[in-house]
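So the structure is just underneath, and the comments pick up after that.
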Amino acid sequence: MRQRYTSDVLVIGTGGAGLRAAIELHDQGLKVLLVGKRPKADAHTVLAAGGINAALATVDPEDTWAIHAADTLQEGRMLGDPRMVELLCQQAPQAIAELEAWGMPFARTSTGLIDQRYFGAHRYRRTCFVGDYTGLEIINALMREVERRQIPILERAYISDLLHTGNRVNGAYGFWLADQRQFVIESNAVILATGGHIHIYQRSSSRRRENTGDGMALGLHVGAHLADMELVQFHPSGMIFPHELAGTLVTEAVRGEGGQLYNRHGERFMQRYDAERMELSTRDRVALANYTEIMAGRGSEHGGVWLDISHMPASLIRERLPRMVEQFQAVGVDITREAMQIAPTAHYSMGGLKVDPFSHATNVAGLYAAGEVTAGVHGANRLGGNSLAEILVFGRIAGQHAAEYVRQHSEQPVQAAQIQQAAERLAWASQQAGDFQRSLIDQLQQLVWHGAGVVRNEQTLEASLDQLHTLRSQSQQRSVGPADLAASLDLQSMLLTAEATILAALMRPESRGAHQRSDFPATDPLWQRTIVIKPYRDQTEQLRLELTTELIPTASEDVQAAFNQQEYSVAGRLVE
Amino acid sequence: MKVTFRVPRFDAATDFTAKYQIYHVEVTPYTTILDALNIIKEEQDSTLAFRRGSQSGIDGSCGMMVNGRNRLASTTRVMGLNATEIALGPLPGFPVIRDLVVDFDSFFAKDAVMLPYLVTDIAKPEDGKERLQSPKDANRIALAATCNQCGCCTSACPVHWSNGEYYGPSALTRAYRFVEDSRDTAIKARLEIVGSETGVWRCHTIFNCSECPKSIPNGENIQALKRKIMLNKIGLGRIEVKVARTEATV
Ligand SMILES: Cc1cc2nc3c(=O)[nH]c(=O)nc-3n(C[C@H](O)[C@H](O)[C@H](O)COP(=O)(O)OP(=O)(O)OC[C@H]3O[C@@H](n4cnc5c(N)ncnc54)[C@H](O)[C@@H]3O)c2cc1C
Ligand code: SF4
Ligand code: SF4
Ligand code: FES
């Protein structure tokens, strides 16, 4: 027998965005159910280290929400949605106060206020933090509130389909990872808080089997639109060796503390990319420089460049970068004496589900989204620390508006035919051999890395699109061997979101922030537009993607007045 | 290097005793116990059951017994054990569900008893901003707050083995984290909970529980709770003092 759950609102994802949404829904008196495919206290959010931004003006009294918004939009190379960014920056201080009230052990100033530090290209110190495990403490704080409210959580439960009828969402279908038993959830509204899709890249700062783009794919299947899918943030420094750890972040603080970048000729190559700021240049620029050196054959034997901090006193390195010393010690590298080998790694999905800036509703009735799964805040380059603020602010807002929706719409019972359809997809997946599906995932990650990576052009993108179609048809042929339902479904979501990323990258004929096209190296002012992706079904009922563009509204006068006229150094501001 | 793993196979639904199975895995200096289990599951035997989450020591999913000691599989490097034969086992002191997976329901239920959230009647500042806390007070709870409920400590506690009702070090550390939080005012309620029949007085300070992957000194935390209960009994508790100090830090 299939298990059945009912709730007013189903929240998919137990990261910061999902937990915050659930708390809001509960406080509005609704029955809410949380589901996550990983253990409940282990969403991707726990990896966040550096901190969370809010213009509290504690340390720098000149700071305001408008300056925070201006920094965010400008660093996003003007592709962020100003309405969403303004809302975020206005409400971030409230999110911090909430966390504090829930017992978050923030670092404090000597007067007992919440301390703030610099992070990346921010004009003022506005990043609140708890050591180098801010994300983990956010999850702890939110999880405690979820427990206090006794909100039910289904953990290690994989959502495979959203249920959709009469143009609105009315539940979801899924299975337990442990034993593959299936379940149906009936709910009047659904919030997707499933995180990003960077696992489509061979090297990423995500862990195995997360960030597979599930939420974006679930949304597309019921008609939701995506935006900004070509905009993927690459972090300049990920480990490359050993391969078990490839992609693991090497904190920017290494550069912040004086780390220097070298190629195989011993040349400090940042001179050629940003002579003024050198290693302290912005994320997108350093990532591009590292990538270019590697591709030009000036990299290391493992395919990286060298990041060297060993010229600094060993005691200072141990004091300031203890986690890095440890991380490399474990692989036999003493960073106080030798250089690290690093290469860019995919880090964050700036694109995702397109939502209303004020309500975080998608274009599908009853379907809301919040967190990394959405597009709109970060434009073409995310500022460090903004994402944790985003998941809290918009988690709450999505919860609030989903609650309103539920009050205004009566339930739409799930019909047998809907269940039948969802069960058929799982039946299909259970006939695929896990080994084979996993090998296709590896191939997909490689082709996306090479075709739509740090630098793309028409040729690489077209080639990767062709290969992607081949992989997709292979993935649908029956293969023999023990099944791995999750791997098969992950692969399908990854194929779909990778396709969206490649198509959008093909469409944008310019270079801007994280989107670098070698065939269009300049930024084109006419392309200060959002690329929107809409799904449709062709005659054979196959899901296809259609791309259009939309203009971006102008920022409010407060924010325009705060735009910065000059670029400044990020010296002393790289923490994370 | 090839390493031999000896793993108990057991299914509570059908078995009375565990059978042992041997797997051979090729490891590098970087392979963790969890990596090895992943290799076994993906390449040799998909029926093997174990828990994994962060794969990086964060969420505490992968506590298990490794050559006789409770450890996190995801942060333990195989070669670091200097052994070519490795015996794995489920965390002792908990009912086994399957293979290496134990039933944590009672463990989590005990945590819930501790009121594991901030309870406070210190008024919120009128400007809607944060309550004050000195860096010293913030540091006081920093370490205990990192507990990820992996259960390694409680599972190593001999008192917990013989008395399943005992709250155990993990839950008590949780209480400690809030008792020590200068913003929390439910100190009395929590001390009553941890001072009850199944609480701190059961602890015989054997300090088995100090082998915590996060280096949390559970035994000492429990001792501190005992002292606090005693001080409170004779009216020297710092319940009132605490509120005053929060103001004094301004
Ligand atoms: C190493 C690292 C450091 C970072 N540092 C910072 C920082 O300092 N500051 C900052 O602001 N940001 C930082 N970020 C980014 C930030 O951590 C993330 O963007 C953010 O946590 C995303 O939160 P979320 O709630 O949207 O999603 P996630 O935390 O990714 O949660 C997604 C949830 O959805 C669930 N899920 C997904 N698919 C399914 C499915 N099919 N069925 C059921 N459940 C599903 C998952 O199990 C999970 O619970 C960092 C990221 C990394 C990787
Ligand atoms: S105190 Fe340490 S060993 Fe015990 S549950 Fe917490 S993290 Fe695990
Ligand atoms: S010190 Fe107390 S809690 Fe820790 S192992 Fe010993 S008896 Fe158990
Ligand atoms: S898998 Fe998360 S702690 Fe080991």
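Throughout, protein chains are lettered first and strands after them, A, B, ... in sequence-line order, and every chain is numbered starting at 1.
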Check: Using non-hydrogen atoms only, which part of B:T32 is less than 4.5 Å away from chain A: side chain, backbone, both, or neither?
Finding: neither

Margin query: For B:N139, which atoms come within 4.5 Å of any heavy atom of chain A: side chain, backbone, both, or neither?
Written below: neither

Note to self: To the closest 0.5 Å, what do you measure between CD1 (A:I114) and CZ (B:R131)?
What the structure shows: 10.5 Å

Checklist line | Which of B:R98, B:E130, B:Q149 touches chain A most, by non-hydrogen pairs under 4.5 Å | finding: B:E130

Check: What residues form a side chain to side chain donor-acceptor pair (under 3.5 Å) with A:Y133, not counting sequence neighbours?
Finding: none

Checklist line | Ion pair A:E100/B:R183, N-O distance below 4.0 Å | finding: yes

Margin query: Less than 4.5 Å to any heavy atom of chain A: does that hold for the side chain of B:A145, its backbone, both, or neither?
Written below: both

Next item on the list: Could you tell me the separation between the CG atom of A:N140 and the OG1 atom of B:T146, rounded to the nearest 0.5 Å?
Entry: 9.0 Å

Check: In terms of heavy-atom pairs under 4.5 Å, which option from B:P116, B:S46, B:A142 contacts chain A the most?
Finding: B:P116

Notebook entry, point to check: CD1 of B:I58 to CG of A:L47: how many Å apart, nearest 0.5 Å?
Noted result: 4.5 Å

Checklist line | Spacing of B:F178 atom CZ and A:R144 atom CZ [to the nearest 0.5 Å] | finding: 4.0 Å

Check: For A:Q94, is it the side chain, the backbone, both or neither that has a heavy atom under 4.5 Å from a heavy atom of chain B?
Finding: neither

Margin query: Counting only non-hydrogen atoms closer than 4.5 Å, does A:L113 touch chain B with its backbone (N, CA, C, O), its side chain (CB onward), both, or neither?
Written below: both

Check: Looking at side-chain heavy atoms only, is the closest gap between A:T111 and B:L132 below 4.5 Å?
Finding: no

Margin query: Among B:K129, B:R177, B:K136, which residue has the highest count of heavy-atom pairs closer than 4.5 Å to chain A?
Written below: B:R177

Checklist line | side-chain contact (heavy atoms from CB on, under 4.5 Å) involving B:V25 - partner list, sequence neighbours excluded | finding: B:F5, B:V27, B:A36, B:I39, B:I40, B:Q44

Note to self: So which residue, A:A101, A:A97, A:A487, ends up with the most heavy-atom pairs under 4.5 Å with chain B?
What the structure shows: A:A101

Check: Going from CE on A:M104 to CG on B:L118, what distance comes out if it is rounded to the nearest 0.5 angstrom?
Finding: 13.0 Å

Checklist line | Per-residue contact mode, A:P105 against chain B (heavy atom under 4.5 angstrom) | finding: both

